[in-house]
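Computed from a predicted structure; not experimentally measured.
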Amino acid sequence: MSVFTNGTSYGAASILVLAVAAAAAGPARAQSAGETAVAGVFEVAQLSPPQTASDVIGQIVVTARRRTETVQDVPIAVTVVGAEALERQQINTIQQLTTLTPSAQVLSTNPRNTAITIRGLGASYGLANDGLEQGVGVYVDQVYNSRPSSATFDFVDIERVEVLRGPQGTLFGKNTTAGALNITTRDPTFDPEVQSDISVGNFNFLQARASLSGPLAGDKLAGRLSVVGTRRDGLVRNPIVGRDQLDTKSIAIRGSLLYKPTDRLTARFYIDFSRQEPECCTQLFVAAAPTLKPLNQQFAALAAGRGYAPVSTDPYRRLAETDGKIKAHQTSQGVSALINYDFGFATLTSITAAREWAWQPANDRDYTPLDIVRQSANPSQQYQYSQELRLASKGDKAIDWLVGLYGFEQNVKTTGVTEYGRDASYWLFPAAGVTDALLNGYKAFNTSSIDTKSYAAFGQLTWTVTDRLKVTPGLRYTHEKKDAYYNATTAGGLVTSDAALINRRLGIARPQFYAAKVSDGSLAGQLALAYAVTPDVNAYATYARGEKSGGINMAGIPTDAAGNPALVSAVVRPEKATTYEVGLKTQWFERRLTANLAAYYTTVRDFQANVVDSGPGALRGYLANIEKVTVKGVELDLSTRPIMGVTTYGAVSWTDGEYASFANGPCPIERIGTSTVACDLSGRELPGVSRWAASAGAEYRHDASIASLDGQVYASIDAA
């Protein structure tokens with residue numbers, strides 16, 4: 001067996017950019033007293049109601065809790081990245097955003113097989129399973145995006161990104177157990193505005209972005225149109241097919257309307273389209289891992305038997321050798337309406353959205369010139385519809401409150417095929433003397449469909465007990481239903497009546513059909529205490545409980561001794577997460593230095609993970625529940641305001657995640673023998689979790705002008 005490194009793990013091309021931007025409306029306006037004077041990873045935003053400049057300077061304004069407040073007052077760990085930081089550090093996707101937020105990670109072998117984690121939790125990493133929910137919610141303009149592939153699309157005209165850590169749900173539409181990414185785009189403006197920039201880099205990287213905004217009907221209606229296109233040559237060379245692979249080809253377009261017929265009513269309408277067409281995703285050979293199998297059944301002997309040797313064992317030469325077609329094409333599009341009406345005592349918010357996602361892949365699944373698995377692809381089509389209603393109090397009262405209702409419906413259909421080649425029998429049945437014809441041309445087809453319906457009621461209030469002490473309880477009830485079927489068929493290969501050969505082939509892939517339903521209701525919530533030690537030192541403690549709904553295995557399940565699907569394995573129970581967190585948010589030296597510290601402990605019961613079946617049927621991995629997972633950690637975030645034009649930031653996180661109890665886990669490669677069985681992974685570290693992660697950066701900028709254009713010259717350096 002061989003070990004590969006995913007070619008997509010290489011970072012984006014290094015970019016050196018010189019950009020000058022000018023507003024078409026004329027000279028830049030002076031900063032008002034109600035704006036936040038911050039730089040680096042933070043945005044400029046308007047506080048409501050206005051405060052004096054001395055109160056606001058050095059503060060960061062967020063809407064993470066569905067109201068305008070400074071991030072230092074929010075009793076949860078949250079990282080805010082503003083538009084300027086995204087642009088200047090060339091952060092164009094959520095994957096790149098994680099360089100600024102070490103506790104958040106995006107694990108991806110291709111867009112469909114993407115997992116977003118926060119503090120090590122979110123989704124079980126492995127082949128995508130349409131029957132499970134994500135533990136990290138991705139929201140764009142308050143609309144939940146259910147597909148984790150949204151993390152791979154380019155940002156378009158982003159105002160800010162808020163990364164919330166820990167269970168969410170008493171304020172957000174969809175329940176999440178690990179956290180949420182809250183992305184807000186720029187609003188249309190009633191002053192004409194044109195922005196554009198072009199970035200170039202190595203590997204012929206070229207990215208062009210532009211946005212146009214302005215009034216469409218006096219002071220009642222304004223519009224905004226934004227587009228970003230990105231191209232980059234492949235990061236690896238494939239001498240087998242004679243071209244570069246792992247390239248980038250993408251375009252994203254977003255349009256929005258802002259309608260303000262009265263002082264009480266504000267309506268925003270959005271439409272977006274994104275398309276990616278990369279020749280992706282291949283892998284690079286690194287080494288052959290030793291197993292417990294006899295030497296004649298290990299990689300070196302098997303490769304020699306077919307006259308194969310890897311083109312390179314040095315991944316930094318960036319040489320791939322896939323001989324089949326690869327692609328990772330996807331399209332995402334949607335429309336939404338965000339409407340607010342001010343009743344005076346409270347504001348009513350309605351969010352209506354419809355989205356569609358299409359996935360069109362091609363894979364040479366063995367990643368070598370050998371003909372083992374010629375293709376393995378699972379094209380998918382997803383539709384989702386959502387409606388959210390919220391009513392939130394207004395004004396400076398002792399108790400602020402919010403209540404809401406949420407509905408979400410989704411359908412995902414997948415039609416896939418896996419085809420084996422002339423080397424498959426030799427490679428998969430080593431030392432058995434099985435004829436190559438047994439699996440040559442053997443195909444396994446799968447068709448699946450799953451419908452999801454989710455309905456929830458939620459609410460949260462903040463009680464200002466004293467000028468220093470605030471108490472924030474919140475509750476959420478969610479009811480979810482899933483209805484699905486999975487159908488697998490086979491065709492091709494050697495025509496034979498030999499029962500032994502037939503059973504060997506069925507051990508690789510066998511026909512099966514099953515249908516399943518799951519329905520569950522859950523109560524989740526939180527309790528947060530916040531205490532202002534001084535105006536610039538805030539302490540908080542939070543208890544939060546979240547639940548990820550039950551799921552259905554949509555990639556096949558184990559079989560019994562008779563070869564029938566073991567239906568008990570079709571359904572996965574809900575996942576329950578409990579988090580305890582304490583934190584300290586501080587600012588020093590006239591708010592020139594911000595230092596925030598958080599410590600947490602999380603337990604997850606019935607954790608949804610990849611397990612290995614050790615029953616009498618065909619051995620396979622599938623998704624099931626394990627008893628308990630624990631994660632604990634400490635996070636430190638630092639930032640400074642500009643000092644002589646220099647802004648700095650830094651973040652470090654320590655995360656300790658382990659399987660508290662996991663008796664039937666997939667074996668590490670070095671423990672695989674001639675008959676693979678499940679391994680007890682209790683006490684082992686969670687996969688995909690970096691125990692230590694850190695990022696740091698600095699930026700210098702200086703006002704400059706070219707002819708009549710005002711702009712800035714800047715330089716930055718960062719590491720993660």
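Across Asp130 and Ser380, no two heavy atoms sit closer than the pair OD2-OG, 4.2 Å. Taking each heavy atom of Glu321 and Pro310 in turn, the nearest pair found is OE2-CA, 3.5 Å. The two residues Thr189 and Ala222 make their nearest non-hydrogen contact at O-CB, 3.5 Å. Between Ala83 and Arg186, the shortest heavy-atom distance links the atoms CB-NH2, 3.3 Å. Contact record, Ser336 with Ala353: CB-CB, 3.8 Å, taken as the closest heavy-atom pair. Closest approach of Gln142 to Ile351, counting heavy atoms only: OE1-CD1, 3.4 Å.
Checking Thr114 against Ser108 by side-chain atom types alone, a donor-acceptor pair falls below 3.5 Å. Between the side chains of Thr655 and Arg119, no donor N or O sits under 3.5 Å from an acceptor N or O.
Here Asp247 pairs with Lys249, Pro278, Glu279 under the side-chain contact (heavy atoms from CB on, under 4.5 Å) rule; sequence neighbours left out. With sequence neighbours excluded, the residues that form a salt bridge (charged side-chain N to carboxylate O under 4.0 Å, His left out) with Asp637 are Arg165. Applying the salt bridge (charged side-chain N to carboxylate O under 4.0 Å, His left out) criterion to Asp272, with sequence neighbours excluded, gives Arg254, Arg355. A search for side-chain contact (heavy atoms from CB on, under 4.5 Å) contacts involving Asn204 returns Asp233, not counting sequence neighbours. Partners of Ala715 under the side-chain contact (heavy atoms from CB on, under 4.5 Å) rule, at least two apart in sequence or in another chain, do not exist in this structure. Partners of Phe155 according to the ring pair (Phe, Tyr, Trp, His ring centres under 6.0 Å) rule, which considers only residues two or more places apart in sequence or in another chain, do not exist here.
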Assess the residue pair Thr368 and Thr322 against the criterion (side-chain contact (heavy atoms from CB on, under 4.5 Å)); give the C-alpha distance rounded to whole Å, side-chain angles, the decisive distance to 0.1 Å, and a yes or no. CA-CA 5 Å; Thr368 72; Thr322 301; over 6 Å; no
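Contact check on Lys174 versus Glu133 returns a salt bridge, with a Lys/Arg side-chain nitrogen under 4.0 Å from an Asp/Glu carboxylate oxygen. A salt bridge between Asp187 and Arg268 is present, with a side-chain N of the basic residue lying under 4.0 Å from a carboxylate O of the acidic one. A salt bridge links Asp157 to Arg224: at least one charged side-chain nitrogen sits closer than 4.0 Å to a carboxylate oxygen.
Rounding to the nearest 0.5 Å places CZ of Arg318 at 15.0 Å from CG of Asn238. Interatomic distance, CH2 of Trp357 versus CD of Gln381, reported as 9.0 Å (0.5 Å rounding). Atoms OH and CG, on Tyr139 and Leu164 in that order, are 10.0 Å from each other to the nearest 0.5 Å. Atom-to-atom distance recorded for Leu216:CG and Tyr259:OH is 12.5 Å, nearest 0.5 angstrom.
Between Asn110 and Trp359 the shortest side-chain heavy-atom distance falls below 4.5 Å.
Checking Leu246, Leu235, Leu319, Val236 one by one against Leu284, the side chain to side chain contact (heavy atoms under 4.5 Å, CB included) holds for a single residue, Val236.
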